Amino acid sequence: MTAPRVRFAPSPTGYLHVGGARTALFNWLFARRHGGVFVLRIEDTDVERSSAEMVEGILDGLRWLGLDWDEGPKVGGPYGPYFQSDRLDRHRAMADRLVAGGHAYYCYCSSGDLKAKREAAEKAGGAGRYDRTCCKLSSAEIAARERSRTPRAVRFRVPDGTRRFDDLVHGSIEVDCAHIEDFVVLRSDGQPTYQLSVVADDVEMAITHVVRGDDHISNTPKQILLYEALGAPLPRFAHVPLILGPDKKRLSKRHGATSVMEYARQGYLPEAMANFLALLGWSPRTDQELFSRDELVAAFALEGISGGNAVFNPEKLEWFSQQHIARLAPDELAMRLKPIFEASAIWEDSFLGSRHAWFFSVLELLKPRARRLDDFAAQGRFFFTDTVEYDPAAVEKHLREVGLREHLLAVDAELGTLSTFDAASIEAAVRAVAGGRSVKAATLIHAIRVAVTGKSVSPGLFEVVSLVGRERVHARLRAAVRLVSSRPV
RNA sequence: GUCCCCAUCGUCCAGAGGCCCAGGACGUGGCCCUUUCAAGGCCAAAACACGGGUUCGAAUCCCGUUGGGGACGCCA
């Protein structure tokens, strides 16, 4: 395949949602797979609803996912400008060409006329298609309207016949033009409509493959007509199915988080999100589930996209996130954690310097139970603070055994005699105390866990004790003893 | 209403006529490991929407039904 050119063309009327993100991902993967060009074009012609902040939001989302664009905002490129609002003159020129070539005509109907026509047609049970009133105007009638300066829009004259195209995911799709009305390509205020601007831009940007949402299938025949009228070569089309919420309705805000940046804030790994999104509706046709970004690029093919809509499954995203976290190299993980730890006020630069061996050991311990980056801070806080916060339920459950005061004192004393404060020595010491005092090791272990971590769940206790360190463990054991002593039994 | 798309476990996918009394993953249940929670290992339950064809043979092809989704704007 000669280097394809694909584009992602979001309208900045909202943040980058997961559906758009997946469309962008498929385009990006396709471009990278085939050594092509990934173009980012901002379709901001709906001035009412578009905003610069939204553009930045979308860019942030793409950057977070690692989808770098070869041409577009910030980076420019030979086919610019990449903001559709800067291309209006070109679109108008296209509209003129269409009129000049007899493919379009001026329409003087007001929106009121149109609405009336539509309602009348509906009442009569017919399709509400435009009745071509203005297409049938005599030159005298046209002259009269021009003289009275009646506002005019430009309508495309839809030819007879059928149009078919081979969609890369759906196969052959054929539509009878009789079902397509003469659509407006240029509004009476001189603004081009979407149908005209996408085609104009895709043609001028030499887009070879249009990969976009399923919801554009019905626009495609209109656009094909436009390509024909413009004498431009047709790109290949690939319409990817939509992402649905659990209720099988199109994913929307009421389904919870739909912005990719929302997931970023929640501590999901971007590579996990990309992996998850890629497999939502696409299959490598093997049993492999876990993919690095490079592996996705190597395996991606538009042909593997399935035709049916897919339901967004948050649990599976969590699983991917956990799997990718588990595979992160220690120093990489540390870098990702830094901002989160800083926000939690538990970051210290020595984690990457003098104490990095210790820090990495802590992370290794926390890793298997982390599903999101936030979990490291939430579940491992006690490693990084001087004092622990006790979970009342944990205290209640494990620190009320009779004789615990003495048991803990004994443990503390025994730990104090250890020459090396490693997990094996600690375990031996704790079990020895338990045996010597005829108390179950589990009882001591649970009590020590609450004393040292404040919680009833943690990684393996002996490793935890070892890494929290002799000094802090001693202090926490003494604090727990005081806590136990002060409680009525 | 019209047009278009889709239809395999709860969910995401595999399956391109015999390899399928249907395979993988998430989730769910059980067991193992075990100091808790995870992770990990093992096992289990769980689906070809329905009806007609075509064929020696259909999850796979065709038609219909039903169901779901999308589109029908001087929005994108």
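Proteins get letters first, then strands, A, B, ... in listed order; numbering begins at 1 in each. Because the structure is predicted, anything quoted here is derived from the model rather than measured.
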Specify the residues of [range], ordered by number, for which at least one heavy atom lies under 4.0 angstrom from an atom of RNA chain B.
range	result
residues 163-171 of chain A	A/H170
residues 8-20 of chain A	A/S11
residues 362-377 of chain A	A/P368, A/R369, A/R371

What's the gap between [N] and [M] when it is taken at their [atom1] atoms, as a whole Å value?
N	M	atom1	result
B/A22	B/A47	P	9 Å
B/A38	B/C48	C1'	36 Å
B/G27	B/C12	P	15 Å
B/U60	B/G18	P	12 Å

Under 4.0 Å between any heavy atoms, over every strand shown, what does [X] touch: base, sugar-phosphate, or nothing? Just pick one.
X	answer
A/S458	base
A/S456	base
A/R285	sugar-phosphate
A/L461	base
A/F462	base
A/A441	nothing
A/G281	sugar-phosphate
A/P151	nothing

Can you check the [X] [atom1] to [N] [atom2] distance for me, whole Å?
X	N	atom1	atom2	answer
A/R250	B/G68	CZ	C1'	15 Å
A/W319	B/G27	CH2	C1'	12 Å
A/F291	B/C13	CZ	C1'	11 Å
A/L244	B/C13	CG	P	11 Å
A/D214	B/A76	CG	P	21 Å
A/D182	B/C74	CG	P	11 Å
A/Q379	B/C37	CD	C1'	9 Å
A/F237	B/A71	CZ	P	18 Å

Among the nucleotides B/G23, B/U36, B/C13, whichever has the atom closest to the side chain of A/D287 is B/G23
Nucleotide nearest A/H216 when distance is taken to its side chain, options B/A76, B/U36, B/G23: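 For the A/H216 side chain, the nearest candidate turns out to be B/A76.
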Check: A/S306 side chain, B/C13 base, donor-acceptor under 3.5 Å: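 Answer no: no donor N or O sits under 3.5 Å from an acceptor.
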Ignoring hydrogens and angles, answer whether the base of B/G24 and the side-chain atoms of A/E289 contain a donor-acceptor pair closer than 3.5 Å. yes
Presence of A/K249 side-chain N/O under 4.0 Å of B/G69 phosphate oxygens OP1/OP2: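 Answer yes for this pair, as a side-chain N or O of A/K249 is under 4.0 Å from OP1 or OP2.
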Give none if [N] has no partner; otherwise give the nucleotide forming a Watson-Crick or G-U wobble pair with it, both distances under 3.5 Å.
N	value
B/C20	none
B/C3	B/G70
B/C31	B/G41
B/U36	none
B/U54	none
B/A14	none

Residues A/E181, A/R132; criterion salt bridge (Lys or Arg N to Asp or Glu O under 4.0 Å); working and verdict: CA-CA 9 Å; A/E181 74 171 348; A/R132 290 192 158 166; over 6 Å; no
Salt bridge flag under 4.0 Å for residues A/E141 and A/R145: no
N-O pairing of A/R152 and A/E146 below 4.0 Å: yes
Parallel, tilted or perpendicular: which one describes the rings of A/Y106 and A/Y108, with boundaries at 30° and 60°?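 Taking A/Y108 first and then A/Y106, their aromatic rings sit tilted (interplane angle of 30° to 60°).
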Geometric class of the A/H446/A/H398 ring pair [parallel <30°, tilted 30-60°, perpendicular >60°]: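 Because their plane-to-plane angle is under 30°, the rings of A/H398 and A/H446 count as parallel.
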Answer with yes or no after comparing the ring centroid distance for A/W282 and A/F26 against a 6.0 Å cut-off, counting only values under it.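 No, ring centres 6.0 Å or more apart.
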I'd like to know whether the aromatic ring centres of A/F291 and A/F300 sit less than 6.0 Å apart in this structure.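 Here the rings of A/F300 and A/F291 have centres that are no less than 6.0 Å from each other.
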Go nucleotide by nucleotide along RNA chain B from the 5' end; which of A/Q322 and A/E174 gets its closest nucleotide reached first?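 On the 5' side of the pair lies A/E174.
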Could you check A/I173 against A/Q288 and say which one's nearest nucleotide on RNA chain B is further toward the 5' end? A/I173
Side-chain heavy atoms of A/F156 within contact of A/V184, under 4.5 Å: no
Sort out for me which residue in A/R41, A/R7, A/R90 forms a salt bridge (Lys or Arg N to Asp or Glu O under 4.0 Å) with A/D201. A/R41
